[in-house]
Structure formats: C-alpha cells, structure tokens
Protein chains: 2
Amino acid sequence: MPAVDSPRTASSDAIASATQARTGIPVQERTADESGPSAPSPALSRATVTDVARLAGVSGKTVSRVFAGSSSVSPETRTRVLEAAQRLRFRPNSLARDLRRGGVSTTVAFVMGDLSNAFYSKVAAGIERELAEHGLTLVIAATDDEAAHEQRVVGAMLERRVRSLLLVPIAPDQGYLEGERQLGTPVICVDRPARNLVTDSVVFDNAAGAEAAVRSLVQHGHRRVAFVGSAPTLYTHEERLAGYRRALAAAGIAPRPEYERHDATDATEAERATRALLALPEPPTALLAGNNKASVGILAVRQGMLQPFAFVGFDDFDLAATLGVSVVAHDPGEMGRAAVRLALWRQDDLVSPPRQVVVPTWLVQRGSGELAP
Amino acid sequence: MPAVDSPRTASSDAIASATQARTGIPVQERTADESGPSAPSPALSRATVTDVARLAGVSGKTVSRVFAGSSSVSPETRTRVLEAAQRLRFRPNSLARDLRRGGVSTTVAFVMGDLSNAFYSKVAAGIERELAEHGLTLVIAATDDEAAHEQRVVGAMLERRVRSLLLVPIAPDQGYLEGERQLGTPVICVDRPARNLVTDSVVFDNAAGAEAAVRSLVQHGHRRVAFVGSAPTLYTHEERLAGYRRALAAAGIAPRPEYERHDATDATEAERATRALLALPEPPTALLAGNNKASVGILAVRQGMLQPFAFVGFDDFDLAATLGVSVVAHDPGEMGRAAVRLALWRQDDLVSPPRQVVVPTWLVQRGSGELAP
DNA sequence: CTGAAAGCGCTAACAT
DNA sequence: ATGTTAGCGCTTTCAG
C-alpha cells in the first residue's frame with residue numbers, strides 16, 4: 001500500500017553515495033558556490049598553559065590557578081592571564097587535567113541497547129540533564145541489545161576512565177565488573193539488576209504497575225484478561241507478569257496459561273499474538289501490554305474492530321491520549337536522573353551495601369481504556 | 001479525564017526523595033537483605049603499564065606495543081605481557097594515550113537540543129553506530145534548544161579535545177567557532193546550516209519533501225491546502241514552506257497567507273492552529289504538517305471528525321501506518337551517519353571548500369492520507 | 001599570592 | 001624484537 005516517491009535527482013560522492021546505498025535513494029550535494037570567507041586554512045597549533053603564561057609574564061601554575069577558579073590570584077594577574085588566554089584562543093585541555101588529577105575523567109558512561117529506542121533515549125535524556133547539573137559529561141555507547149557486545153563496549157568506556165558506569169545489563173552475567181567496583185568505579189544498573197555482581201540499581205515498580213492495571217480492568221467487570229509480553233527471561237517481563245498474576249489471584253480469578261503470551265518481541269509479533277488470543281475458543285475481553293512495542297501491535301489489531309476489546313498499555317506514548325488508551329505510565333527520564341544520583345552518592349561511599357531504587361509506575365486511565373466486557 | 005493511581009507506599013532517602021519531589025509520587029527503596037558477597041571493599045589502585053612491565057619482566061614500551069596491536073612483539077613476550085596484564089586487571093588509560101598522541105581524543109561530540117526529542121535521539125543513534133564502526137566514542141551534550149546555552153556547552157566539548165564537533169546550531173551566530181576550524185577540529189552542522197561560519201553541514205531535502213506532498217494532494221483534487229508549521233525563522237520550517245509554496249505555484253494555485261500557520265510550536269499549539277484553519281470561511285480541505293509535533297496536534301483534531309480532512313505529516317511515526325496517515329518521511333539516523341562521514345572526511349582535508357550533504361526525503365502514501373476533498 | 005620542580009600514564013623518537 | 005629517554009598539558013607538592 002505505501003508508495004514511495006523520490007523527489008530528487010542524483011549526484012555523486014563518497015559520502016553521499018554511502019547514504020544512497022543505505023537508503024536506496026539518490027542523494028544530492030550542494031557545494032558552496034562562493035560563501036564569504038573561502039577555503040578553510042590549514043591547522044595551526046593550540047595554545048597551552050605555558051604559552052599563556054609566557055605571554056602574561058607569569059608561571060604556568062598561575063594560569064592553571066586562574067582557570068581552576070582559585071581565589072589566591074591577585075585581580076590584576078587574573079586579568080592579565082585572561083587577556084593573554086583570549087588572545088591565544090586558549091582552551092584548557094581536560095584530557096591533561098583529568099590525567100593529572102588522578103586518571104579519573106569528568107565523564108560518566110551510559111551503556112544501553114540502542115538510542116533509537118525511545119525508552120533508552122528518554123533515560124539518556126534524564127541522565128544527561130542530571131549530569132549537566134553536576135558539571136559532568138555523558139558518553140554513550142550501544143550494545144545493540146546483544147549480550148555478546150556488552151563486555152567489549154563496557155571495556156571501551158572503562159578505558160576512558162569514566163567516573164561511573166551506568167549500565168542496562170544485557171549479558172547473562174556481569175561478574176566481569178567485580179574488579180571495577182573494587183577499584184572505585186561505581187557501576188549502576190539501570191532498568192534491571194545485574195547478575196553475579198553486587199551493585200546498585202534503579203528499576204521501575206513493574207509489578208505494581210501491572211497489578212494496578214489488571215485490578216482496574218477487573219473492577220470494570222473483566223474476568224478474562226490476557227497479558228501480551230516479550231521475552232520470558234527478561235526481568236521487566238517477569239515482574240510485570242508477576243503483577244498481572246497477583247492481581248488476578250487477588251480477584252479470585254484462576255490463571256490461564258493460554259492468556260499469557262511471551263512472544264511479543266516486537267510490534268509485528270505482538271500483532272500476531274493478539275490475533276491468536278482473539279481466536280481462542282474463549283477469547284480474553286481485555287488485554288494488558290507488557291511493553292510499548294506490544295502496544296503498537298495490539299492497537300493495530302484493535303483499530304479495525306467494530307467491538308474493540310479493553311486494553312491497557314505499558315509505557316505511555318504520544319498518541320495514547322488522542323486515541324484514548326489507558327496506560328501504565330512511568331518516567332524514564334526520572335530513572336536516568338535517579339541512576340546519576342545513585343552514582344554520585346556511591347562515589348563517596350564505597351562500603352555501604354548495594355541499594356536498589358524503585359521508581360514508581362502509575363495507571364493513567366483514559367476514555368476508551370477499560371471498556372466493559 | 002486521566003486519573004492517577006499510585007500503586008506504592010513510601011519510604012525515604014536522599015536519592016529516592018529527589019525522585020519523589022520531582023514526580024510527586026512516593027518512591028520506595030529496597031536494601032539488599034543479604035546478597036552473596038557483602039559490602040563493597042574500599043578502592044585499590046589501578047595497574048599501569050609500568051606495573052605490567054615489571055611483572056612481565058619487560059619494558060613499558062613493550063607493554064604499550066602489545067596493547068597497540070603492534071606486530072613487532074614476539075609471541076612469547078606478548079603472551080607473558082597479556083598474562084601479567086590480566087593478573088593485574090590492567091586496563092589501558094585512554095586519557096593518557098590520547099594526550100600523548102597529540103591531545104586529540106577518540107571521541108566525537110554531538111551537541112543538540114534535547115535527547116528526549118525523538119528526532120534528535122534518532123540522529124544520535126545513527127551517529128553512535130557510525131562512530132562505533134570507526135572505533136570512536138560519542139559524547140553528548142544538550143543545549144535544551146536554548147541559544148544562550150550553545151556556546152558554553154560547545155566549549156565544554158572542545159575542552160575535551162573531541163576529534164570533531166557535530167552541532168545542531170541554535171544560537172543566532174556560530175562565528176565563535178571559526179578559531180576551532182582553523183585549529184583543525186571539524187565542525188559539522190546537522191539539520192540546519194551554521195550562520196556566520198563556513199562549515200560543512202548535513203540537511204534534509206525539506207523543500208522537495210513538502211513539494212512532493214502538496215503535489216500529491218493537488219493531484220488528488222485538493223485546491224485548498226494549508227501548512228501547519230512552527231517558528232518562522234527556523235531553517236527547516238522555511239524550507240518546507242518554500243516547497244509548499246512552490247508546489248502550489250506549479251499547480252497554478254494562488255497562495256493564501258491565512259493558510260500558512262507558523263505558530264504550531266508544539267502539539268497543543270498545532271491543535272489550536274488546526275481548529276483555527278477549519279473555522280475559516282473557506283477552510284482548507286487538506287493539511288500539510290510542518291513537523292512531527294504538528295502531526296500529533298492535527299491528528300487530535302481529525303480523530304473526532306466524521307468527515308476527516310486530508311492530511312500529510314512530516315516525519316514518520318510509530319502509529320502512522322496503523323492510522324493510515326501519509327507522511328513525508330526521512331531518515332534521521334542516516335543524517336547522523338552522514339554527519340560522521342563528513343567529519344571523518346574533513347579530518348583529512350582541512351582545505352577543501354565547505355560541503356553540504358542533502359539527505360533525501362520521500363513521500364509515503366497511505367490509505368486515508370489524501371482523501372478527496 | 002606566586003613559582004620551580006616533579007610526574008599523572010602513556011607513547012613518539014630514537015636507539016640497540 | 002626490545003629498551004631508553006623524553007615529554008604530551010596540566011596540576012600537585014613544596015617552597016618562597
């Protein structure tokens with residue numbers, strides 16, 4: 001059904017062609033005909049503290065003091081140094097500073113699956129903000145949610161001597177990080193706890209969210225409630241499933257294994273799982289999505305139905321309000337901020353027992369969410 | 001309409017309370033009762049090349065060679081070094097390496113508005129992937145789309161001696177970066193060109209996308225087509241508007257200023273703008289969204305209508321296919337990758353004139369997009 | 001308040 | 001194939 005119409009004609013070049021190969025679409029390039037100052041000039045060299053010191057007629061240490069904001073510099077000297085620095089376009093080299101200061105940089109690493117996943121990028125946004133408030137910089141690396149990539153990617157971050165490591169664990173075992181902890185690099189696990197490693201972590205209250213959703217559905221008269229989730233071994237899935245079961249048990253409803261789907265790993269699979277549920281002899285009258293991808297798949301099915309089933313999503317999304325979909329909401333950005341706070345705290349207390357911060361989830365009820373059965 | 005139901009009870013602590021203050025929701029914390037190896041032990045010290053060299057009975061330089069993958073090391077020596085390194089849990093310090101190698105790190109900075117914006121995070125995802133393929137690391141900083149923040153944030157990145165700077169410009173003037181270019185740090189502007197600075201850039205073919213969309217609407221019989229865009233001074237908005245006008249002109253349709261909205265800065269404003277358009281004496285029969293936030297606002301209006309208007313969005317979104325919405329699509333990840341390729345190329349050619357890579361946009365037509373008027 | 005010397009951890013440039 | 005020397009740019013002693 002979707003038709004593609006390419007609005008442009010081609011042109012060529014190594015960089016553009018790479019894009020073209022990837023997208024299958026002609027890429028053009030505009031070369032500046034003539035724009036003000038012409039060709040860039042070759043590289044000069046960067047000024048160092050010594051250069052500034054020489055020009056200002058002081059010692060290197062004094063320049064250092066000025067840029068460190070030390071108070072023990074006379075106002076005149078400070079002015080002179082700053083002028084010299086400006087003239088030379090001096091910019092302190094934080095690599096050198098960090099090295100001298102003991103080999104720990106002012107960066108914090110966040111290692112997660114893939115930034116194109118909205119959940120991870122929202123967590124990253126929270127991390128970035130909280131770090132910025134503390135004068136720290138975020139470095140990001142992706143594992144592509146591949147267990148086999150984790151150790152290498154994490155290793156690269158540790159070589160950068162990051163001040164702490166915020167990790168969404170994906171490998172079956174994080175024991176390889178034990179040494180780092182001992183060396184004083186805080187490791188904070190995000191969204192799910194580590195395995196074989198004693199660490200602090202930040203997780204959502206997944207079970208409570210699922211429980212609240214199911215409780216609400218039951219209160220609206222539903223007795224046949226299904227759960228559409230992803231990989232059964234995934235921590236979040238387990239927790240949400242546990243909450244779902246707990247709510248049913250509390251309502252005196254017997255569990256039905258055929259109502260629990262663990263195969264909705266993406267929207268397409270979720271759609272398939274949903275159709276399978278609806279094709280059961282006794283189909284569910286209400287569905288709980290185990291994650292946001294499942295929501296998309298479920299909605300794809302529900303959109304076309306005359307008599308739509310009740311549905312609660314997990315993880316809020318842009319059009320949920322417009323479509324009147326109830327969801328278990330949470331705040332990924334807050335999870336990121338909490339992770340940073342935990343890291344900063346741990347920095348100064350290497351001996352306290354591990355902590356797990358649980359970030360709340362809550363039910364957002366909307367118009368057509370819990371339709372009566 | 002939305003009701004909030006907090007599934008959890010409280011507990012307290014500095015870190016958790018911060019979350020609580022922010023979310024207004026009680027946060028709990030689980031302290032590990034007893035989990036395997038108990039309290040973390042105090043920090044030891046990190047092994048250096050010298051330590052490894054001593055244990056392996058070689059010189060520091062040899063250790064360095066082994067870790068640099070140099071071929072001029074005998075297999076036996078290499079093994080001995082690697083064993084010693086493993087025993088000491090040695091991890092090369094890339095701060096020191098980068099410093100020694102000339103003060104340029106193996107990181108690339110991406111400075112954009114805000115990672116919680118899906119567009120930016122998708123660009124970031126593309127950047128991260130392309131960098132990873134070249135053994136480079138991504139450092140990210142946000143300007144919050146505040147012009148006043150740009151220079152400070154960029155400055156912090158430059159102090160890190162990033163190998164190049166990928167920037168979504170927001171300040172009215174990037175002239176302050178002229179010095180960096182001369183010093184050999186590639187500056188690549190992303191999504192919009194710089195002002196007062198000669199640099200390479202990557203942009204979308206915004207005008208062509210808008211033009212194709214309007215052309216399609218016109219072909220479906222629409223003569224009254226409106227444009228719902230955001231800030232009039234924004235480069236992308238200008239380009240898209242230009243394409244919209246061009247398509248109308250090509251069809252011999254006179255422009256109507258009242259059909260051009262420049263105030264849809266977010267979904268709510270877009271909704272308002274849409275309602276205003278529909279309330280005109282001669283309302284448009286088709287709408288083109290200028291960006292993804294506008295799409296959300298427009299859809300909110302259209303969802304409730306019996307006789308929906310035709311609508312083409314700008315920027316594809318998760319539920320577009322499900323909802324049958326036509327869109328001008330583009331690939332933000334590809335934009336990120338192109339930016340990295342441009343940066344790497346510029347690295348080795350500081351003298352070529354600036355280049356602008358134009359990444360394609362294309363029209364994706366879906367079921368209910370261009371309804372007849 | 002300021003400076004001289006030493007060195008963070010690593011790797012170019014020479015040796016050998 | 002391996003070692004020695006020196007020094008990247010900065011900041012920490014420790015003096016003045």
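Nothing here was measured: the structure is a model prediction, and the numbers come from that model.
A salt bridge is defined here as a Lys NZ or Arg NE, NH1 or NH2 lying under 4.0 Å from an Asp or Glu carboxylate O, and B/R89 with A/E178 fails to meet this definition.
Checked against salt bridge (charged side-chain N to carboxylate O under 4.0 Å, His left out), A/R195 has no partners two or more places apart in sequence or in another chain. Not counting sequence neighbours, the partners of B/D144 by the side chain to side chain contact (heavy atoms under 4.5 Å, CB included) test are A/R129, B/A142, B/E146, B/H149. The side chain to side chain contact (heavy atoms under 4.5 Å, CB included) check on A/E83 picks up A/T79, with sequence neighbours excluded. With sequence neighbours left out, A/E180 forms a salt bridge (charged side-chain N to carboxylate O under 4.0 Å, His left out) with B/R46, B/R91. Residues that satisfy the side chain to side chain contact (heavy atoms under 4.5 Å, CB included) test with A/T107, not counting sequence neighbours, are A/S105, A/T137, A/V139, A/V162, B/R160. Every residue meeting the side chain to side chain contact (heavy atoms under 4.5 Å, CB included) condition with B/L342, not counting sequence neighbours, appears here in chain and number order: A/I15, B/I188, B/D200, B/V202, B/W345, B/R355, B/V357.
A nucleotide of DNA chain D counts as in contact with chain A when one of its atoms lies under 4.0 Å from a heavy atom; the first and last such, 5' to 3', are D/dG9 to D/dT12.
Here salt bridge (Lys or Arg N to Asp or Glu O under 4.0 Å) pairs that include residues 49-60 of chain B, with residues two or more places apart or in two chains, are B/D51-B/R54. Pairs of residues two or more places apart, or lying in two chains, that qualify as salt bridge (Lys or Arg N to Asp or Glu O under 4.0 Å) and include a residue from residues 93-103 of chain B are A/E159-B/R97. The ring-ring contact (aromatic ring centres under 6.0 Å, His included) pairs that include a residue from residues 82-109 of chain B are B/F67-B/F90, where partners are two or more places apart or lie in different chains.
Between its two ends, the helix from C/dC1-D/dG16 to C/dT16-D/dA1 turns its axis by 30°, counting five pairs per end and rounding to 10 degrees.
Look at A/T62 and you won't find any side-chain N or O under 4.0 angstrom from OP1 or OP2 of C/dC1.
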- With B for base contact, S for sugar-phosphate-only contact and - for none (protein heavy atoms under 4.0 Å), nucleotides 6-16 of chain C reads BBBBBBBB---
